[in-house]
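Below you'll find the structure, written out as structure tokens, and then a few comments.
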Amino acid sequence: MAVKSLGAPSTLTVRTVFSFANQILAEIADSGSLELDLSECEELDLAALQVISAARTHAFDMGKTLTLSHPARGTLRSVLDRAGFTTDLSPADVDFWFHGEDPK
Amino acid sequence: MSGEDPAAAFRIEAGELLDQVEQGLLDLGHSLADMDLINAVFRGLHTLKGSGAMFGFDALAAFTHHCETAFDRVRKGQVPATADLVSVILSAQDHMRALVEGDAPAAEGDAILARLQLALENASGAEIPVAEPVSAPRGWRLFFRLPADAMANGTNPLTLLDELRELGEAHIVARTDEVPPLGDLVPTECHIGWDVTLVGDISREDIEDVFIFVMDDMTFEIAALDDAAAAQEDSAASTEIADTTVADSPKTDEPAKAAAVTAARGGESIRVPAERLDELMDRVGELVIAQSRLSQLAHGGDDLVLRSVSEEIERLASELRDTMMVVRMVPVASLFNRFRRLVHDLANDTGKQIALVTEGESTEVDKTVIERLFDPLVHIIRNSCDHGLETAEERAAAGKPETGTVHLSAQQSSGEVLITICDDGKGINRERVRAKAEANGLIQPGQVLAENELLSLIFHPGFSTAAQVTNLSGRGVGMDVVKRTIESLRGSIDVASTEGEGSTITLRIPLTLAIIQGLLVRVGNGCYVIPLAAVEECIELSLEEDLRSRGRSLINLRDRLVPFLRLREMFATGTKPDTHQKIVIVAIGNERVGLVVDQIIGNHQTVIKSLSAFHSSIATFSGATILGDGNVALILDVGQLVAMGQGVDSEEKIYAAG
């Protein structure tokens with residue numbers, strides 16, 4: 001099955017994340033692999049990180065693949081740092097968020 | 001509660017916060033070094049300032065800020081807590097109450113702040129009573145998870161993490177193991193937890209302050225880092241935090257506290273405006289009345305189905321009424337706590353050392369009863385502190401502990417509540433009571449009186465001077481007013497006293513005022529209810545007696561003159577008197593008054609409905625009820641009528657003397 005890509009809106013916060021979460025759910029149900037493109041995303045918060053984490057678990061449970069189209073940088077990277085997502089990373093986390101390149 | 005004025009909601013919240021602060025300050029007055037109390041007061045002030053500013057109470061926020069700053073210094077050990085400082089903040093707290101209500105004179109605030117400044121300066125010179133914190137821990141390890149609704153309520157967890165980083169060197173690890181799969185996730189809820197290691201000279205309070213607005217429902221575990229743990233803190237990504245918290249905990253009570261914080265406190269109770277409860281009670285009352293009409297109807301006919309439905313409704317209505325009674329009950333703690341401040345102030349005013357001990361605060365009483373008990377209790381406690389307890393020197397001379405104790409307790413016993421106010425002062429001097437009673441002509445010189453008769457003279461109106469009778473909260477005597485208030489609650493009051501050992505005053509109050517047993521009477525074409533507890537006897541007013549007593553409303557009842565009121569004339573019914581009029585003798589305490597009615601209909605259990613605001617100024621009636629046939633009957637206020645009758649009585653006496 002082809003890898004589908006889902007682009008995130010420019011604002012992904014607790015107020016707007018709901019529809020993005022629904023889109024992810026729908027796409028994962030439809031395809032074997034889903035790629036999230038967060039490059040357009042200029043503003044995001046913890047709710048966005050939580051949805052992406054939950055999407056990872058969901059995809060794993062369903063036997064599907066979820067990836068990021070680009071390694072985390074810019075806004076996403078700084079929010080990950082602030083939220084404590086980049087300390088003591090597991091190899092799986094390094095793979096997912098940074099495409100295998102440990103940020104440290 | 002949508003549509004409610006947020007400022008009004010804040011006023012309620014602020015009132016509760018101020019109550020907490022006051023209780024904290026009063027406790028602090030007894031143990032100035034108690035850090036928990038200092039922190040509690042600080043937190044109360046901090047929250048008050050924060051939410052005050054949020055709701056536009058800027059003057060309050062600005063004023064509170066100064067007090068908060070002062071307490072911050074105490075909390076940080078820069079200034080010790082002194083009795084002086086506590087009392088300034090107590091008066092500041094009164095000023096804050098006024099600011100919340102919006103009627104505070106600005107000059108007063110400035111004066112308080114000046115005193116606060118002075119108290120702080122004086123305190124800086126004093127020695128800090130707190131033992132210096134035993135070598136402050138080098139840091140903390142904590143785990144927290146915010147309440148699920150924190151993000152939806154506007155808390156940004158990232159900001160909290162940033163604040164933690166500002167405290168010192170922070171190692172923050174997000175834990176996403178509790179985040180459910182996307183299908184089960186409510187995206188606005190927060191399920192991420194954090195392990196945080198903070199290194200530096202940071203107090204536990206600084207950390208807790210970060211979470212001050214979310215603390216109530218969050219999971220929060222904290223433990224001090226010992227040096228060894230701190231040394232390897234970078235490598236130690238502690239996952240078994242729960243174990244380490246307990247093991248590393250410096251104080252034995254920490255885990256218990258963490259557990260207490262973890263326990264969710266939301267959802268256990270809701271706040272309902274009192275008027276809604278009254279409204280609900282009214283509806284229940286009407287339902288009970290409608291049900292009794294239905295049951296009359298059902299029992300009148302032969303319809304068995306109707307009868308069974310009617311019985312079913314009767315059962316439900318009575319259960320509903322019982323439940324409603326319980327809903328209206330509030331613990332007396334809310335009443336008792338208000339007296340701690342009173343006793344504190346009285347101790348200051350009189351220079352005596354007074355301790356207030358309360359017991360049975362969880363006893364529950366109808367909220368109306370609680371409200372009406374406040375004034376009488378203030379009076380009794382004032383009397384105990386003013387007249388009962390001796391000064392420290394007198395007590396020492398009498399071989400008693402220097403601190404006098406006022407013991408306030410409540411307990412429930414079969415349908416009534418017993419409230420006892422007991423002091424260990426000098427007791428009531430019987431000779432002085434007798435002398436004063438003789439001087440006032442209440443008893444004959446040398447008259448033989450039983451112990452309780454003599455003591456109960458203090459409740460006699462003639463015992464106090466007229467000026468003090470009207471001033472319930474005034475000093476000194478006026479116990480007759482207390483007695484009358486208690487009796488208007490259908491309660492009773494007893495006094496016992498041992499000279500040199502103290503006095504005990506016991507109030508017996510019914511649990512509820514919402515339902516009474518009444519005597520249903522007819523005056524003219526209208527029905528009225530007289531509370532049965534006040535009724536002593538009913539006698540016939542014969543035509544001759546009626547004619548004979550024209551012009552002077554007194555009857556001779558077993559050699560005692562009893563004044564009476566012709567309700568038919570009072571209510572201007574415009575009807576002719578029945579040929580067989582009756583006099584219902586009602587009594588409050590020792591005072592009797594006869595009420596002339598046209599007919600006595602009988603016993604009637606009554607759900608009291610309060611009168612509308614428009615009618616509430618009519619003193620003769622205390623409420624209304626709906627009769628089985630749907631008619632309204634007014635409930636007579638016996639206390640008022642007795643007072644009125646006694647007024648007539650004294651006029652008559654003057655008339656007779658003249």
Side-chain angles (χ1 to χ4, degrees), chain A residues 6 8-9 11-29 34 36 43-64 66 72 75-93 96-97 104, chain B residues 141-166 169-199 210 214 218 232-241:
Chain A
L6 177 64
T11 309
L12 200 56
T13 65
V14 66
R15 294 183 202 289
T16 59
V17 79
F18 192 74
S19 65
F20 186 59
N22 283 339
Q23 283 175 18
I24 297 177
L25 274 177
E27 294 292 347
I28 288 180
L34 179 67
L36 297 178
E43 187 187 349
L44 66 149
D45 65 5
L46 189 75
L49 298 190
Q50 187 175 243
V51 161
I52 297 170
S53 298
R56 279 177 73 188
T57 324
H58 177 68
F60 182 82
D61 290 352
M62 307 280 289
K64 312 275 178 96
L66 182 78
T75 317
L76 174 61
R77 170 66 204 267
S78 74
V79 173
L80 283 170
D81 284 342
R82 281 176 76 197
F85 273 60
T86 51
T87 12
D88 303 331
L89 283 172
S90 70
D93 291 338
F96 180 79
W97 295 108
K104 293 260 160 66
Chain B
R141 176 171 296 156
L142 55 140
F143 169 75
F144 71 92
R145 181 171 287 126
L146 297 176
D149 58 359
M151 292 199 298
N153 287 342
T155 304
N156 185 349
L158 297 178
T159 321
L160 298 182
L161 293 169
D162 290 345
E163 282 180 39
L164 284 178
R165 287 192 182 92
E166 281 169 21
E169 195 188 323
H171 182 87
I172 300 177
V173 184
R175 280 170 58 181
T176 53
D177 44 352
E178 297 266 315
V179 176
L182 192 55
D184 300 331
L185 176 76
V186 179
T188 51
E189 287 185 352
C190 183
H191 297 282
I192 300 174
W194 286 272
D195 285 322
V196 181
T197 313
L198 274 170
V199 183
V210 169
V214 283
M218 71 184 283
Q232 48 165 327
E233 58 92 20
D234 265 323
S235 58
S238 70
T239 44
E240 294 302 315
I241 198 82

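These numbers come from the heavy atoms of this one structure, side chains and all, not from hydrogens, waters or symmetry mates. So that the names make sense, note that chain A is the first sequence line, chain B the second, and so on, each numbered from 1.
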Most heavy-atom pairs under 4.5 Å with chain A, out of B/V186, B/T188, B/L158, B/D184, belong to B/L158

Interface residues of residues 21-29 of chain A facing chain B - non-hydrogen atoms under 4.5 Å apart: A/A21, A/I24, A/L25

Check the pair B/L182 / A/T57 against side-chain contact (heavy atoms from CB on, under 4.5 Å), numbers first and verdict last. CA-CA 7 Å; B/L182 192 55; A/T57 324; over 6 Å; no

Identify which of A/A47, A/A55, A/A83, A/S53 forms the greatest number of heavy-atom pairs closer than 4.5 Å to chain B. A/A83

Spacing of CZ belonging to B/R175 relative to CG belonging to A/D88, to within rounding of 0.5 Å: 12.0 Å

Value rounded to 0.5 Å, distance of CG in A/L46 from OG1 in B/T155: 11.5 Å

Heavy-atom distances under 4.5 Å only: say whether B/L161 touches chain A with side chain, backbone, both or neither. side chain

From CD1 (B/I192) to CG (A/L49), nearest 0.5 Å: 6.5 Å

Select one option (side chain, backbone, both, neither) describing which atoms of A/D81 are under 4.5 Å from chain B's heavy atoms. backbone

Can you measure from CD (A/Q50) to OG1 (B/T176) and round to the nearest 0.5 angstrom? 9.5 Å

Closest non-hydrogen contact found for B/D162 with A/R82 is OD2-NH2, 2.6 Å

Can you list everything that forms a side-chain contact (heavy atoms from CB on, under 4.5 Å) with A/S78? Sequence neighbours excluded, please. none

